[in-house]
K.L.:
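Quick one: the structure is below, and I'll ask about it shortly.
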Amino acid sequence: MKKSLLTLFAVAAMSTTALAADVKPALVYGTGGKFDKSFNEAAYNGAEKFKAETGIAYRDFEPTGDTQGEQAIRNFASRGFNPVVAVSFAWTSAIEKVAAEFPDTKFIIVDSVVDKPNVRSVVYKEEEGSYLVGVLAGMASKSGKVGFVGGMDIPLIRKFECGYEQGARSVKADIEVFQNMTGTTGAAWNDPVRGGALTENQIDQGADVVYAAAGATGLGVLQTAADNKKLSIGVDSNQNYLHPGSVLTSMVKRVDLAVYNAYNDTKNDKFTGGVQALGVKEDGVGAAIDEHNKSLITPEMQAAVDKAKADIIAGTIKVHDYTSDNACPK
């Protein structure tokens with residue numbers, strides 16, 4: 001009997017070890033750098049939270065170009081990493097190829113959809129979060145002119161701009177919205193000097209609030225707005241702390257949750273493929289208000305953004321998604 005119990009304990013211990021070995025997380029960032037204080041850093045924070053809670057280490061890689069991303073994803077899968085998280089639409093074709101080659105590995109892609117049984121696609125309703133910060137921008141603007149600086153000129157980033165424009169017009173119908181995109185390649189995510197120059201130009205035209213949706217390029221937007229004593233709006237991570245009293249709010253996009261949940265679900269054998277679409281209702285996007293920007297948010301602004309949030313959740317406000325028809329209603 002004693003021997004049987006010892007055998008059972010040994011088998012149980014081996015099973016636990018084997019189960020733990022199945023969770024060997026990896027993370028491939030988008031181009032623009034791990035510590036961009038925005039999109040990639042949100043992913044990093046999700047991985048770090050999982051590591052702190054479980055003691056399970058992860059490996060990550062910062063690609064500087066598209067070919068490096070695919071190589072990293074395949075390399076992680078071939079070395080037994082599982083799950084492999086790829087944050088960026090840029091890795092869509094890479095995930096499609098590598099997921100087919102490694103059907104027993106779980107993959108997660110953020111900001112794109114890949115229809116494979118072993119792939120979870122996490123997308124966001126950026127238009128909803130951008131609508132909320134647009135409401136605040138419209139109310140905060142004294143000139144009746146606001147700006148938007150995007151990163152790479154793709155439908156996803158125009159989705160941010162369109163939601164922002166709809167929110168601003170909901171409180172000030174005749175508001176003028178300037179918009180510029182930084183570039184057409186991956187380098188557009190990591191060019192703060194160009195971001196600053198575009199912001200300067202918009203300020204010269206009268207913009208007194210500028211929203212950045214441009215990864216590390218946005219750091220130049222926030223800095224230039226602060227230097228000119230204008231307001232800015234951060235993106236993806238809560239960037240309010242970067243220039244307290246100058247960053248009106250940040251459109252927080254919970255990329256950290258996508259990474260954390262992917263690792264945790266795999267660990268707990270609860271991983272599911274398919275599409276997860278996270279909006280205001282799911283707390284996937286929102287407008288950040290904290291000790292760094294609360295002095296900029298009047299009670300009327302707080303009430304307006306709270307009402308807009310409730311109306312989006314209730315379906316009373318339906319924010320148009322630019323990517324549904326590649327157009328933004330005026």
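Heavy-atom basis, side chains included; hydrogens, waters and symmetry copies ignored. Just so you know, residue 1 is the first one in the sequence shown, and it goes up from there.
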K.L.:
Please confirm whether the backbone N or O of Asn75 pairs with a side-chain atom of Ser78, one donor and one acceptor, at under 3.5 Å?
P.N.:
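Confirmed, Ser78 side chain pairs with Asn75 backbone.
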K.L.:
Test the Lys159-Tyr322 pair against the cation-pi criterion, namely NZ or CZ under 6.0 angstrom from the six-membered ring centroid and within 45° of the ring axis.
P.N.:
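Output no; distance or angle outside limits.
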K.L.:
Do the side chains of Asp111 and Lys253 get nearer than 4.5 Å, heavy atoms only?
P.N.:
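Yes; the side chains approach each other to less than 4.5 Å.
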K.L.:
Considering only NZ, NE, NH1 and NH2 on the basic side and carboxylate oxygens on the acidic side, decide whether Lys34 and Asp60 come within less than 4.0 Å.
P.N.:
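Looking at Lys34 and Asp60, the cut-off is met.
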K.L.:
Treating Gln166 as the side-chain partner and His320 as the backbone partner, does any N or O pair qualify as donor plus acceptor under 3.5 Å?
P.N.:
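Pair found, side chain donor or acceptor close to backbone of His320.
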K.L.:
Distance check, rounded to the nearest 0.5 Å: Ile157 atom CD1 versus Thr323 atom OG1?
P.N.:
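Spacing of CD1 (Ile157) from OG1 (Thr323) equals 11.5 Å.
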K.L.:
Could you pull out the closest heavy-atom pair between Gly206 and Ser143, with the gap in Å?
P.N.:
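Between these two residues, the closest heavy atoms are O-OG, 2.7 Å.
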K.L.:
State plainly whether one hydrophobic cluster holds both Tyr131 and Ile289, where clusters connect Ile, Leu, Val, Met, Phe, Trp and Tyr through side-chain heavy atoms under 4.5 angstrom apart.
P.N.:
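Yes; tracing contacts between hydrophobic side chains, which count when under 4.5 Å, links both residues.
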K.L.:
Are Phe39 and Val122 co-members of a hydrophobic cluster defined by side-chain heavy atoms under 4.5 Å apart?
P.N.:
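Looking at the clustering, Phe39 is in the same group as Val122.
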K.L.:
Could Asp236 and Lys37 be called an ion pair, given the rule that one side-chain N must be under 4.0 Å from one carboxylate O?
P.N.:
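Lys37 and Asp236: not salt-bridged.
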K.L.:
With rounding to the nearest 0.5 angstrom, report the CZ to CG distance, Phe89 to Leu156.
P.N.:
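With rounding to 0.5 Å, CZ (Phe89) is 7.0 Å from CG (Leu156).
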K.L.:
Tell me whether Phe35 is reachable from Leu219 by hopping between hydrophobic residues (I, L, V, M, F, W, Y) whose side-chain heavy atoms are closer than 4.5 Å.
P.N.:
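No, Leu219 does not connect to Phe35 through the hydrophobic network.
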K.L.:
Rounded to the nearest 0.5 Å, what separation is found between the SG atom of Cys162 and the CD atom of Glu126?
P.N.:
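Nearest 0.5 Å value for the SG-CD distance: 12.0 Å.
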K.L.:
Could you walk me through whether Ile73 and Lys97 pass the side chain to side chain contact (heavy atoms under 4.5 Å, CB included) check?
P.N.:
CA-CA 10 Å; Ile73 292 164; Lys97 285 188 266 186; over 6 Å; no
K.L.:
Can a donor-acceptor pair be found, under 3.5 Å and without considering hydrogens, that links the side chain of Asn238 to the backbone of Ser250?
P.N.:
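Checking the backbone N and O of Ser250 against the side chain of Asn238, no donor-acceptor pair under 3.5 Å is found.
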K.L.:
Considering all heavy atoms of both residues, which atom of Gly144 and which atom of Ile175 are nearest to each other, and what is their separation?
P.N.:
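So the minimum-distance heavy-atom pair works out to O-CG1, 3.3 Å.
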K.L.:
Using a cut-off of 6.0 Å, state whether more than 12 heavy atoms not belonging to Lys229 lie near its atom NZ.
P.N.:
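Count not over threshold, so no.
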K.L.:
Taking all atoms of both residues into account, what is the closest heavy-atom pair of Tyr164 and Gly147, and its distance?
P.N.:
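Closest approach of Tyr164 to Gly147: OH-O, 3.1 Å.
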K.L.:
If the threshold is 4.0 Å, N to carboxylate O, is there a salt bridge linking Glu70 and Arg74?
P.N.:
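Salt bridge flag = yes for Arg74 with Glu70.
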K.L.:
Would you say the side chains of Ser141 and Asp208 form a donor-acceptor pair under 3.5 Å?
P.N.:
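Yes.
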K.L.:
Measure the shortest side-chain to side-chain distance between Lys230 and Val210 over non-hydrogen atoms and say whether it is less than 4.5 angstrom.
P.N.:
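Of all side-chain heavy-atom pairs linking Val210 with Lys230, none is under 4.5 Å.
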K.L.:
Could you walk me through whether Thr54 and Lys267 satisfy the side chain to side chain contact (heavy atoms under 4.5 Å, CB included) test, starting with their C-alpha distance in whole Å, then the side-chain angles of each, then the deciding distance to 0.1 Å, before giving a yes or no?
P.N.:
CA-CA 10 Å; Thr54 64; Lys267 173 181 171 288; 3.9 Å; yes
K.L.:
Could you tell me whether the side chain of Arg194 reaches within less than 4.5 Å of the side chain of Asn180, counting heavy atoms only?
P.N.:
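With C-beta onward as the side chain, the pair stays apart.
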K.L.:
Looking at Arg254, is its backbone amide N or carbonyl O close enough to the side chain of Tyr124 to form a donor-acceptor pair, meaning the two atoms are under 3.5 Å apart?
P.N.:
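Confirmed, Tyr124 side chain pairs with Arg254 backbone.
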K.L.:
Among Phe107, Phe76, Phe61, find the residue that satisfies the ring-ring contact (aromatic ring centres under 6.0 Å, His included) test when tested with Phe81.
P.N.:
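Only one of Phe107, Phe76, Phe61 forms a ring-ring contact (aromatic ring centres under 6.0 Å, His included) with Phe81, namely Phe76.
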K.L.:
Using the rule given for salt bridge (charged side-chain N to carboxylate O under 4.0 Å, His left out), can you reason through Arg169 versus Glu165, listing the C-alpha separation, both sets of side-chain angles and the distance that settles it, and then say yes or no?
P.N.:
CA-CA 6 Å; Arg169 294 193 195 287; Glu165 198 169 320; 2.9 Å; yes
K.L.:
Restricting to non-hydrogen atoms, name the atom on Gly215 and the atom on Ser38 that form the minimum distance, rounded to 0.1 Å.
P.N.:
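Between these two residues, the closest heavy atoms are CA-OG, 4.0 Å.
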K.L.:
Can Asn190 and Asp36 be said to form a side chain to side chain contact (heavy atoms under 4.5 Å, CB included), step by step?
P.N.:
CA-CA 8 Å; Asn190 199 17; Asp36 60 359; over 6 Å; no
K.L.:
State the CG-OG1 distance between Leu136 and Thr249, to the nearest 0.5 angstrom.
P.N.:
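Reported to 0.5 Å precision, the distance equals 5.5 Å.
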K.L.:
So do Asp265 and Thr272 actually touch side chain to side chain, heavy atoms under 4.5 Å?
P.N.:
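They are not in contact (no side-chain heavy atoms under 4.5 Å apart), so the answer is no.
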K.L.:
Between atom CG of Leu198 and atom CZ of Phe148, what is the distance when rounded to the nearest 0.5 Å?
P.N.:
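These two atoms lie 11.5 Å from each other.
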K.L.:
Sub-3.5 Å donor-acceptor pair from the side chain of Thr31 to the main-chain atoms of Thr64, do we have one?
P.N.:
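Judged by distance alone, no pair lies under 3.5 Å.
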K.L.:
Please check this pair: side chain of Glu128 against backbone of Val319, looking for a donor-acceptor N/O pair closer than 3.5 Å.
P.N.:
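Between the backbone of Val319 and the side chain of Glu128 there is no qualifying donor-acceptor contact (under 3.5 Å).
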K.L.:
Tell me the closest heavy-atom pair linking Gly279 and Glu282, and the distance in Å.
P.N.:
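Smallest heavy-atom distance, with atoms named: N-OE1, 2.7 Å.
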K.L.:
Does some side-chain heavy atom of Met251 sit less than 4.5 Å from a side-chain heavy atom of Val285?
P.N.:
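Sidechains of Met251 and Val285: in contact.
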K.L.:
Relative to the ring of Tyr263, is the ring of Tyr58 parallel (under 30°), tilted (30 to 60°) or perpendicular (over 60°)?
P.N.:
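The arrangement is tilted - the two ring planes meet at 30° to 60°.
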K.L.:
Counting distance only, does the side-chain N/O of Asn264 pair as donor-acceptor with the main-chain N or O of Tyr260 below 3.5 Å?
P.N.:
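Judged by distance alone, no pair lies under 3.5 Å.
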K.L.:
Decide yes or no for Gln205 and Glu176: does some side-chain heavy atom of the first lie under 4.5 Å from some side-chain heavy atom of the second?
P.N.:
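No, too far: nothing below the 4.5 Å cut-off.
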K.L.:
Do Glu41 and Asn45 have a side chain donor and acceptor closer than 3.5 Å?
P.N.:
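Glu41 vs Asn45: no donor-acceptor pair found between side chains.
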K.L.:
In Å and rounded to the nearest 0.5 Å, what is the CG to CD1 distance from Asp311 to Ile317?
P.N.:
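Asp311 atom CG to Ile317 atom CD1 measures 4.5 Å (nearest 0.5 Å).
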K.L.:
Main chain of Thr105, side chain of Asn118: is a donor-acceptor contact present, judged purely on distance under 3.5 Å?
P.N.:
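Yes.
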K.L.:
Looking at Phe271, I'd like to know if the NZ or CZ of Arg120 sits under 6.0 Å from its six-membered ring centre while staying within 45 degrees of the ring's axis.
P.N.:
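Yes.
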K.L.:
Just by distance, no angles: are the side chains of Thr224 and Thr199 close enough, under 3.5 Å, to form a donor-acceptor pair?
P.N.:
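No pair is found: no donor N or O on one side chain lies under 3.5 Å from an acceptor on the other.
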K.L.:
Is a donor on one side and an acceptor on the other found under 3.5 Å between the side chain of Asp191 and the backbone of Thr217?
P.N.:
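No.
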K.L.:
Are Tyr44 and Ile109 grouped together when hydrophobic residues (ILVMFWY) are joined by side-chain heavy atoms under 4.5 angstrom apart?
P.N.:
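Shared cluster, no.
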K.L.:
Can you name the nearest heavy-atom pair linking Val23 to Ile56, along with the distance?
P.N.:
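Nearest heavy atoms, Val23 then Ile56: O-CG2, 4.0 Å.
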K.L.:
Treating Ile, Leu, Val, Met, Phe, Trp and Tyr as nodes and any side-chain heavy-atom pair under 4.5 angstrom as an edge, say whether Ile233 and Met301 lie in one connected cluster.
P.N.:
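As far as the 4.5 Å side-chain criterion goes, Met301 and Ile233 are connected within one cluster.
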K.L.:
Are side-chain heavy atoms of Pro63 and Trp91 found at a separation under 4.5 Å?
P.N.:
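The answer is yes, as the side chains (C-beta and beyond) meet within the 4.5 Å cut-off.
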K.L.:
Go through it in stages, so that I can follow the logic: the residues are Val247 and Leu222, the test is side chain to side chain contact (heavy atoms under 4.5 Å, CB included), and I'd like the CA-CA distance, side-chain angles, deciding distance and then a yes or no.
P.N.:
CA-CA 7 Å; Val247 182; Leu222 273 55; 4.1 Å; yes
K.L.:
Compare all side-chain heavy atoms of Tyr211 with those of Val209 and state whether any distance is below 4.5 angstrom.
P.N.:
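In short, these two side chains do not touch, never coming nearer than 4.5 Å.
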K.L.:
Sub-3.5 Å donor-acceptor pair from the side chain of Ser130 to the main-chain atoms of Glu127, do we have one?
P.N.:
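No: the side chain of Ser130 does not pair with the backbone of Glu127.
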K.L.:
If you count the non-hydrogen atoms of other residues, nucleotides and ligands that lie under 6.0 Å from NZ in Lys281, is the total more than 12?
P.N.:
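No, the 6.0 Å shell around NZ holds no more than 12 heavy atoms from other groups.
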K.L.:
Please say whether more than 12 non-hydrogen atoms of neighbouring residues, nucleotides or ligands are located less than 6.0 Å from CG in Asp115.
P.N.:
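Check fails, neighbour count at 12 or below.
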